[in-house]
Number of protein chains: 2
Amino acid sequence: MEDVAEVVGVSVNTVSRALNDKPDINSDTKKKILEAVEKLNYHPNRLARGLRRQKSGIIGVIVADIANPYFSTMVKGLEEEATERDYSIILQDTDEKYQNEVDAIETMMEERVDGIILSPVQTEAGTVERLKEQHIPFVLVARKFSDIPTDYVISDERGGAYHATKFLLEKGHEKVAFINGPVHNSSALDRLKGYRRAFAENGVEPDEDLITHGAVSTEDGSRFFKLLYEKETDFSAVFAFSDFVALGVLSAAHAKDIKIPDDLEVVGYDDIEFTNCMSTPLPSVKVPKREMGRRALDILLKRIEFKGKVEEYGGEERFEVKLPTEFLERS
Amino acid sequence: MEDVAEVVGVSVNTVSRALNDKPDINSDTKKKILEAVEKLNYHPNRLARGLRRQKSGIIGVIVADIANPYFSTMVKGLEEEATERDYSIILQDTDEKYQNEVDAIETMMEERVDGIILSPVQTEAGTVERLKEQHIPFVLVARKFSDIPTDYVISDERGGAYHATKFLLEKGHEKVAFINGPVHNSSALDRLKGYRRAFAENGVEPDEDLITHGAVSTEDGSRFFKLLYEKETDFSAVFAFSDFVALGVLSAAHAKDIKIPDDLEVVGYDDIEFTNCMSTPLPSVKVPKREMGRRALDILLKRIEFKGKVEEYGGEERFEVKLPTEFLERS
DNA sequence: ATCATTAACCTTACCGTTAACCTTACCGAA
DNA sequence: TTCGGTAAGGTTAACGGTAAGGTTAATGAT
């Protein structure tokens with residue numbers, strides 16, 4: 001910046017003002033400065049700016065598994081919105097391990113991020129509590145804690161699961177197995193509620209033995225299906241926690257020569273791109289992943305901008321966004 | 001830091017020394033300082049550290065589409081390695097648009113990243129030229145420029161395509177259509193070489209009309225397949241640029257009541273998780289995506305550390321890493 | 001002619017660290 | 001005793017910006 005100032009013959013401060021569209025600057029001078037900036041290929045130093053302004057312009061993003069299209073699509077939305085609004089994002093992946101989440105937040109605090117977007121590993125809630133205590137702006141995405149009030153952006157998991165289950169029940173299946181996600185996971189819990197509601201509405205009780213928890217990966221899907229199948233073959237449909245889990249089910253079913261959808265009907269969740277292209281397409285629940293990312297970032301920036309004004313609302317106002325899901329029948 | 005210094009009764013410099021494992025510090029003092037750091041919940045400011053050290057500790061990562069598992073898995077590897085080595089990563093997505101790449105690099109220079117990992121949009125090479133000119137450490141991943149020497153980490157695309165094509169030829173297919181990626185894309189070019197080599201080795205010339213370029217998405221796969229099918233039905237197998245493209249082919253074929261693999265045999269590329277789980281699994285080429293990310297970061301850090309010593313090797317030494325691929329037959 | 005106003009700058013200090021250099025007390029050797 | 005060496009610190013300046021407040025010359029009103 002000093003070089004630019006020297007070339008133009010002004011002080012560094014004037015250069016700073018020119019670059020930040022501040023008042024008190026002649027438009028001719030400004031033009032000259034911008035030209036010099038261009039010619040010298042000058043790039044303002046965001047570290048220095050951040051240090052002085054006490055605002056890094058960086059948002060921390062912590063997800064459970066970036067390799068999963070569910071999260072990576074969300075991150076895509078986040079990144080788009082961030083770039084549009086001149087923020088950078090720092091990414092960390094927890095691999096669903098709580099300790100990694102703790103470490104990630106530590107790093108982000110040192111990095112002086114202006115706020116955090118978090119998809120929490122939900123085995124413990126300590127990190128979220130700490131973020132609250134320390135008044136670091138943050139927004140949860142995809143997952144929430146029902147007993148801790150925070151800003152969050154989720155999708156209508158209950159509704160999605162409800163429609164998926166209802167679809168199967170209406171097709172005449174009475175025994176619908178549910179291979180659900182981990183019990184601590186809020187998505188899994190909400191989907192279970194939707195599943196139960198669909199049954200309740202039909203005046204039937206679901207068979208509790210057909211409800212299992214803990215499936216995440218494709219392998220889990222295969223494993224859980226085999227276990228269910230071996231001890232209780234009395235079900236004609238499976239509602240899987242995710243498309244990946246559903247794929248595991250399909251794969252295991254295929255190995256056992258079970259015909260889809262005649263012998264067994266399977267429904268997934270998340271609408272991962274490919275599930276539509278299979279020879280027997282997998283019905284699934286479409287989740288607005290990208291939009292979730294965008295919204296979360298938007299809310300976070302609101303929090304950051306109005307940080308001082310939180311008291312105006314008694315510090316109690318929350319952004320609790322639930323975006324609609326859509327069941328895709330794929331007949 | 002000042003607070004910590006005051007509590008312990010030393011100067012800030014001593015605190016700094018304690019935190020950076022520098023010499024000239026008494027171990028008792030150090031212990032006291034670390035305790036105070038803990039108690040006060042002090043987090044060193046990386047902005048200030050970066051400013052002073054002229055090293056941000058941040059790596060810029062630019063990919064073409066983070067929502068694509070190919071890239072997101074790579075990023076997972078990158079992130080793992082970066083976290084292990086105490087670097088943070090800033091992520092930007094170009095959406096395969098060159099202008100976004102230009103902007104992304106601009107941002108990263110302002111952010112004073114210590115180096116850049118780039119999967120270039122290859123419609124233009126200006127950004128890479130500029131990175132070279134400005135001596136910014138960078139490593140290309142997944143894609144390279146054959147006419148511009150740089151560090152890069154890619155996979156053996158030629159070999160992968162060769163084996164995939166050979167597989168089809170050996171099964172008796174003489175007419176193998178190739179629905180390839182964009183012509184400017186180095187992966188596509190290398191895969192084409194592999195495709196040709198397999199033919200050459202068989203003493204056959206591929207039918208040039210069966211080679212098409214420009215497919216990326218599932219929709220492209222469907223579209224290109226339909227076009228090929230309409231004007232020339234004389235092929236019994238398709239080698240697709242990616243699993244996504246292959247899915248599009250399968251989907252379109254299914255719509256035309258073409259039986260897989262009896263009427264048409266399809267092979268994909270990338271080994272995206274799900275392709276193994278379909279009722280007729282899709283043969284594909286396994287690419288060590290995660291490993292590519294890790295290696296690229298490792299090389300970048302070497303460059304960063306030895307920045308001053310490049311001259312020792314005449315500034316000419318390059319890291320040109322080609323990781324092995326593996327054809328998955330999935331019989 | 002005098003003074004207040006204002007546009008357009010300049011000066012200074014500071015953001016939180018760390019590199020480089022200086023200080024002090026103590027110890028053993030000459 | 002005097003001196004050099006060393007361990008364990010302290011002091012200062014600088015990294016590259018920006019906020020806050022001061023300066024200057026021109027302008028206009030009185």
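Letters A, B, ... are given to chains in the order of the sequence lines, protein chains preceding strands, and every chain is numbered from 1.
Distance CZ (Arg46(B)) to P (dT18(C)): 11 Å, rounded to an integer number of Å. Taking atom CD on Glu2(B) and atom P on dT11(D), their separation rounds to 12 Å, with Å as the unit. Distance NZ (Lys30(A)) to P (dA8(C)): 11 Å, rounded to an integer number of Å. In this entry the distance linking NZ of Lys55(B) with P of dA14(D) reads 24 Å, nearest Å. Between the C1' atom of dA19(C) and the CG atom of Asn20(B) lies a distance of 11 Å, rounded to the nearest Å. Here dC26(C) presents its P atom at 14 Å from CG of Asn26(B), a figure rounded to the nearest Å. The separation between Met1(A) atom CE and dA14(D) atom P is 17 Å, rounded to whole Å. Lys31(B) has its NZ atom 14 Å from the P atom of dG9(D), to the nearest Å.
When each of dT17(C), dC15(D), dC9(C) is scored by its nearest atom to the side-chain atoms of Leu51(B), the top-ranked nucleotide is dC15(D). The side chain of Asn13(A) sits closest to dA19(D) out of dG17(D), dT17(C), dA19(D). When each of dA19(D), dT17(C), dC15(D) is scored by its nearest atom to the side-chain atoms of Gln54(B), the top-ranked nucleotide is dC15(D). Side-chain proximity of Thr29(B) to the nucleotides dT17(C), dT18(D), dG9(D) is greatest for dG9(D). Taking the side chain of Asp24(A) as heavy atoms from C-beta on, and the options dA8(C), dG16(C), dT11(D), the nearest nucleotide is dA8(C). The nucleotide whose nearest atom lies closest to any side-chain atom of Ala48(A) is, among dA8(C), dG17(D), dA19(C), dG17(D). Of all nucleotides listed (dT11(C), dT18(D), dG16(C)), dT11(C) comes nearest to the side chain of Ser11(A). Taking only side-chain atoms of Ile25(B), from C-beta outward, the nucleotide of dG9(D), dA8(C), dG16(D) with the closest atom is dG9(D).
For the OP1/OP2 pair of dA19(C) and a distance below 4.0 Å, the side-chain nitrogens and oxygens of Lys22(B) include at least one atom meeting the criterion. Neither OP1 nor OP2 of dC15(D) sits under 4.0 Å from any side-chain N or O of Asn45(A). Thr14(B) has a side-chain polar atom (N or O) that falls below the 4.0 Å cut-off from OP1 or OP2 of dG10(D).
With salt bridges taken as basic N to acidic carboxylate O contacts below 4.0 Å, one links Lys302(B) and Asp298(B). Ion pairing between Glu81(A) and Arg85(A) holds under the 4.0 Å rule for side-chain N and carboxylate O. With salt bridges taken as basic N to acidic carboxylate O contacts below 4.0 Å, one links Arg46(B) and Asp86(B). The pair Glu124(A)-Arg130(A) fails the salt-bridge criterion, with no side-chain N (NZ, NE, NH1 or NH2) lying under 4.0 Å from an Asp/Glu carboxylate O. A salt bridge links Arg290(B) with Glu80(B): the closest approach of a Lys/Arg side-chain nitrogen to an acidic carboxylate oxygen falls below 4.0 angstrom.
Atom NZ of Lys132(A) sits in a crowded spot, with more than 12 heavy atoms from other residues, nucleotides or ligands closer than 6.0 Å.
With hydrogens and angles ignored, no donor-acceptor pair under 3.5 angstrom links the side chain of Arg49(B) to the base of dT17(C). One N or O donor and one acceptor, one from the side chain of Arg17(B) and one from the base of dG10(D), sit under 3.5 Å apart. Put simply, the side chain of Arg52(B) and the base of dT17(C) share no donor and acceptor less than 3.5 Å apart.
Using a 4.0 Å heavy-atom distance criterion, Pro44(B) is classed as a sugar-phosphate-only contact.
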